Amino acid sequence: MFIRKVSLALALSVMPALAVMPAATAQEITLSDSQITPDMRAALDEGGSLVVVDVLGAVCDFCALAMTRTFERRDEVAAATVDLDAKTLTFVVHEGRTLDDATITDLIRRAGYQANGITRPEAV
Amino acid sequence: MKQYAITAAALMLAVALAPPAAQARPVSYEGGRTFIAEHDRSMSSVWAHYTPHHRYSIGYRGEWHRDDDHAFHGAQVTWLARRWFGEDYQANLYLSGAAGLAYGVDDNPAGTGPAGSLGVMADWETRRWFVSYMARGFSGETTGQSAMQAARLGVAPYIANYGALHTWLMVQVEHNPEAENPVGVTPLVRFFQGPLMAEAGWSVTDDRPFLQLQYRF
């Protein structure tokens, strides 16, 4: 299966003061195809930003459906999907729009589930 | 008036709680709608529910008690009393109540009268295993009282991701004290994909089909 890598690379070499810092400072998140749909890729290409939410209790398609529909109804969200294997909800926010962590947590709750961590990787 | 009081008391005493269709769960995401149709060994039912809040759903419920020859039409509320979450599991406790009118059909001369039901359902599921229990009490002023309980065990022979076809093999054991065969066993297969869930089985006790369809809008 094709694996898409989304890296959070923080350039350390440009600043001499940071050159001594360990390489681990550069984060890397690997997402599978099932975590990024074609619609999400298109939204990323248009300047959108990616959000990954670890979710508790997502064990079936009704769970996934509840979360994707709840988020895709929001004007800020271009596209969303759930990966039951990774236990994540991933979605893309339109360029220039934001969804803060409190709102995301509340939307997950309104879908009937519970957020267990939110990350905002920077697609490269 | 006394009869109404008796009916109300019977409902209160029907500690047998339960969501209508044997193992159906109408509580969805906020703004979601659920359609459910079920045909089991003794009853056929239809519901159309709306979820205004992630903790409860409201809607229409109609049922045809084929063994007792009576029908019910009413409003139902299903409340998600508690949901437990884990990385790999989900467990739920639901309470439900319905109120409406019941009347005799076919050879049953019973007239129209107030009726209702109370129910409870609990389930625990992972992507591989499913266990549930439900109980329900029904009381109608003109159509009498009944109670039933059911338990279900299921296993998914393979694990599928969101959007793929999920398949479950399940067995349901029902207990209807008033039935000719009080304890019934129904093996069934569940297919699940996106907004659609369909179940088909066969009551080996009564030699009757079991069918259920759920759709989430």
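Within every chain, numbering begins at 1; the chains are lettered A, B, ... in the order of the sequence lines, protein sequences first and strands thereafter. Because the structure is predicted, anything quoted here is derived from the model rather than measured.
Proximity to chain B involves both the backbone and the side chain of A:Asp85, based on heavy atoms less than 4.5 angstrom apart. For a residue to count as touching a neighbouring chain, one of its non-hydrogen atoms must lie under 4.5 Å from one of that chain's; by this rule B:Leu196 touches chain A with the backbone only. For B:Tyr162, the parts lying near chain A are the backbone and the side chain together; criterion is any non-hydrogen pair under 4.5 Å. With a 4.5 Å cut-off on non-hydrogen atoms, A:Arg73 touches chain B through its side chain but not through its backbone. In this structure, no portion of B:Ala91 lies under 4.5 Å from any heavy atom of chain A. Only the side chain of B:Arg83 comes within contact range of chain A, with heavy atoms under 4.5 Å apart. Residue contact with chain A, scored on non-hydrogen atoms closer than 4.5 Å, involves the backbone of B:Ala164 exclusively.
Shown here for B:Arg128 and B:Tyr158, the closest heavy-atom pair between the two residues is NH1-N, 3.7 Å. When every heavy atom of A:Glu46 is checked against every heavy atom of A:Glu95, the shortest pair comes out as O-OE1, 3.2 Å.
Of the candidates B:Gln76, B:His73, B:His49, B:Tyr60 forms a side-chain hydrogen bond (donor to acceptor under 3.5 Å, both in side chains) with just one, namely B:His73.
Of the listed residues (A:Asn116, A:Thr81, A:Asp83, A:Val55), the one with the most heavy-atom contacts under 4.5 Å to chain B is A:Asp83.
Checked against a 6.0 Å centroid threshold, the rings of B:Phe72 and B:Tyr103 do not count as neighbours.
Cation-pi geometry between B:Arg216 and A:Phe62 is satisfied (NZ or CZ under 6.0 Å from the ring centre, within 45° of the ring normal).
Other residues, nucleotides and ligands place no more than 12 heavy atoms under 6.0 Å from the CH2 atom of B:Trp64.
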